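Below is one structure, written out as structure tokens; comments come after it.
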Amino acid sequence: MHDEMMDLMDASNEIQETLGRSYNVPDDIDEEQLMGELDALEADMDFESNSVPSYLQPDKETDLDSELNLPAAPSGHATIPANRQQEDELGLPTVPHASIPPGCIFVP
């Protein structure tokens with residue numbers, strides 16, 4: 001218990017030291033100069049947001065679908081063969097009711 005308390009005190013002291021550090025920021029900061037720098041940064045960000053990066057621009061290559069000679073996508077509904085087994089909502093084959101003997105309890 002004593003060791004845990006010492007670890008907590010060490011962590012607390014480290015946090016206090018970090019929060020108490022001086023980052024050499026002068027006390028006599030010219031706010032007009034800072035506002036000018038902020039405005040310049042905002043202008044740079046606006047300039048960057050107005051232009052579209054090259055990786056977001058559309059490709060200038062030819063149409064690849066015509067080069068690959070792919071068949072057209074099917075349209076409409078596919079017909080299900082009569083001899084195909086029905087499927088449940090998960091795509092699994094349904095269990096015929098006749099295959100479960102009466103009186104049997106199925107517990108998943």
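For reference, positions follow the sequence shown, starting with 1. Because the structure is a prediction, the values reported are computed rather than measured.
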Sequence neighbours left out, what passes side chain to side chain contact (heavy atoms under 4.5 Å, CB included) with D88? Give chain and number order. L90, L92, T94
Quick check against the 3.5 Å criterion: does S12 have a side-chain atom that pairs as donor or acceptor with the backbone of L8? no
Should side-chain heavy atoms under 4.5 Å link Ile, Leu, Val, Met, Phe, Trp and Tyr, which residues sit in the same cluster as M35? L38
Under the side chain to side chain contact (heavy atoms under 4.5 Å, CB included) rule, collect the residues that match up with Q33, sequence neighbours excluded. D30, E37
To the nearest 0.5 Å, what is the distance between CD1 on I15 and CG on D10? 11.0 Å
